[in-house]
Chemist: 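Structure provided below as C-alpha cells; questions to follow.
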Amino acid sequence: MSDAEKTAENNAEEITVKENTTEDSWAAAMTEQLSDADPWSEALAEQGASAASADTAARSVGEQIFKPLEQGDGSTAARDLEMVMDIPVKLSVELGRTRITIKQLLELAQGSVIELDGLAGEPMDILINGYLIAQGEVVVVDDKYGIRITEIITPQERVQKLNR
C-alpha cells in the first residue's frame, strides 16, 4: 500500500472515529437528558403528594370535629329538618320600583315624592332573601304595619316576575 493510500485510510479512520465520537456525545447527552428526571414533573408529583396528604389530614380533622350522621330510622329526616328550622332569613316587602337619573336623585329634598310603578291597592311583593315567594296586602295591626299573604308564587311565576 502506498503512503498516499495509507494517509487516506488513516484520514478515513479519523473521520469515522470523530463521527462516532460525535454520535456518542449526542447519544450520551440524550441518554443523560432522559435519565435525569424532569424537575417540573418532580415538583408536580411532590405537590400532588403533599395535597393528598393535606386532604387526608383535613378529612380526619373534619371527622373529629363533625361526627358523621348515622343512618337510622325515620327520625333522621325529622332531625335534618330541625337543623334548618333555626336558620334566619330576611323577609322584605316591596312597595314598588322606579328608575331615576342622577340629576333627579340630587334634586331630592325633604318632602319630595317619588312615583313608584306599583299601583294603589295592588298586591305587594314578599321577598325572602331577595327572591319573590308571595304577594300580599298591607294591613295595620295595633298601629304597626303587617302583610296578609294573598298568593304564593309558583316557580314559573317567579321567573316571569323577574323578567319584568
Side-chain angles (χ1 to χ4, degrees), residues 25-164:
S25 299
W26 280 105
M30 293 301 290
T31 305
E32 181 181 323
Q33 185 177 14
L34 292 175
S35 67
D36 288 347
D38 182 19
W40 286 106
S41 62
E42 287 178 9
L44 288 173
E46 185 178 309
Q47 182 181 8
S50 66
S53 65
D55 188 38
T56 305
R59 268 194 229 122
S60 67
V61 168
E63 289 171 357
Q64 292 171 2
I65 295 172
F66 303 105
K67 296 191 167 97
L69 296 174
E70 299 164 6
Q71 298 295 333
D73 53 10
S75 67
T76 57
R79 186 169 43 123
D80 290 344
L81 190 56
E82 286 178 27
M83 292 174 64
V84 298
M85 290 297 187
D86 293 329
I87 296 174
V89 294
K90 180 182 173 186
L91 183 137
S92 56
V93 178
E94 190 173 276
L95 200 57
R97 293 181 183 193
T98 193
R99 286 185 175 262
I100 60 173
T101 63
I102 299 293
K103 180 181 177 186
Q104 292 170 327
L105 177 66
L106 294 173
E107 290 173 350
L108 292 176
Q110 187 172 354
S112 296
V113 176
I114 302 170
E115 184 180 344
L116 302 175
D117 63 358
L119 300 173
E122 187 176 58
M124 304 293 151
D125 291 338
I126 301 171
L127 302 124
I128 299 290
N129 290 342
Y131 292 96
L132 179 68
I133 57 108
Q135 290 187 320
E137 56 189 30
V138 177
V139 295
V140 178
V141 178
D142 296 330
D143 295 330
K144 292 190 179 196
Y145 289 110
I147 189 137
R148 178 182 297 127
I149 296 176
T150 57
E151 179 184 2
I152 302 292
I153 305 296
T154 64
Q156 293 82 12
E157 291 174 320
R158 290 180 205 162
V159 171
Q160 289 173 351
K161 291 276 186 184
L162 289 174
N163 293 331
R164 66 175 166 146

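Predicted model only: the values in this text are computed from it and were never measured.
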Chemist: Compare all side-chain heavy atoms of Glu94 with those of Leu127 and state whether any distance is below 4.5 angstrom.
Modeler: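 A side-chain contact exists here, since the closest heavy-atom pair is under 4.5 Å.
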
Chemist: Within the distance-only criterion (no hydrogens, no angle test), does the side chain of Asp117 pair as donor or acceptor with the backbone N or O of Arg97 below 3.5 angstrom?
Modeler: yes

Chemist: Compare all side-chain heavy atoms of Leu108 with those of Ile114 and state whether any distance is below 4.5 angstrom.
Modeler: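 Counting from C-beta outward, Leu108 and Ile114 do come under 4.5 Å.
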
Chemist: Taking side chain to side chain contact (heavy atoms under 4.5 Å, CB included) as the definition, give me every residue that meets it alongside Leu106, ordered by chain and number, with sequence neighbours left out.
Modeler: Ile102

Chemist: Using the test salt bridge (charged side-chain N to carboxylate O under 4.0 Å, His left out), find all partners of Glu137 that sit at least two apart in sequence or belong to another chain.
Modeler: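 Here the qualifying residues are Arg148.
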
Chemist: Sort and list the pairs that fulfil salt bridge (Lys or Arg N to Asp or Glu O under 4.0 Å) and have at least one residue in residues 100-110, not counting sequence neighbours.
Modeler: none

Chemist: Among residues at least two apart in sequence or on other chains, which ones pass side chain to side chain contact (heavy atoms under 4.5 Å, CB included) with Val84?
Modeler: Leu81, Ile87

Chemist: Would Leu95 and Leu116 count as a side chain to side chain contact (heavy atoms under 4.5 Å, CB included) here? Give the steps.
Modeler: CA-CA 8 Å; Leu95 200 57; Leu116 302 175; 4.2 Å; yes

Chemist: Any side-chain heavy atom of Ile126 sitting closer than 4.5 Å to one from Ile149?
Modeler: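 Sidechains of Ile149 and Ile126: in contact.
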
Chemist: Distance-only, no hydrogens or angles: does the Asn129 side chain make a donor-acceptor pair with backbone N or O of Lys90 under 3.5 Å?
Modeler: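 Yes.
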
Chemist: Looking at CD1 of Ile153 and CG of Leu132, how far apart are the two atoms once the value is rounded to the nearest 0.5 Å?
Modeler: 5.0 Å

Chemist: Name all residues meeting the side chain to side chain contact (heavy atoms under 4.5 Å, CB included) criterion together with Asp143; count only those two or more places apart in sequence or in a different chain, and write none if there are none.
Modeler: none

Chemist: Identify, with sequence neighbours excluded, every residue that meets side chain to side chain contact (heavy atoms under 4.5 Å, CB included) alongside Val141.
Modeler: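 Per chain and number, Val141 pairs via side chain to side chain contact (heavy atoms under 4.5 Å, CB included) with Val139.
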
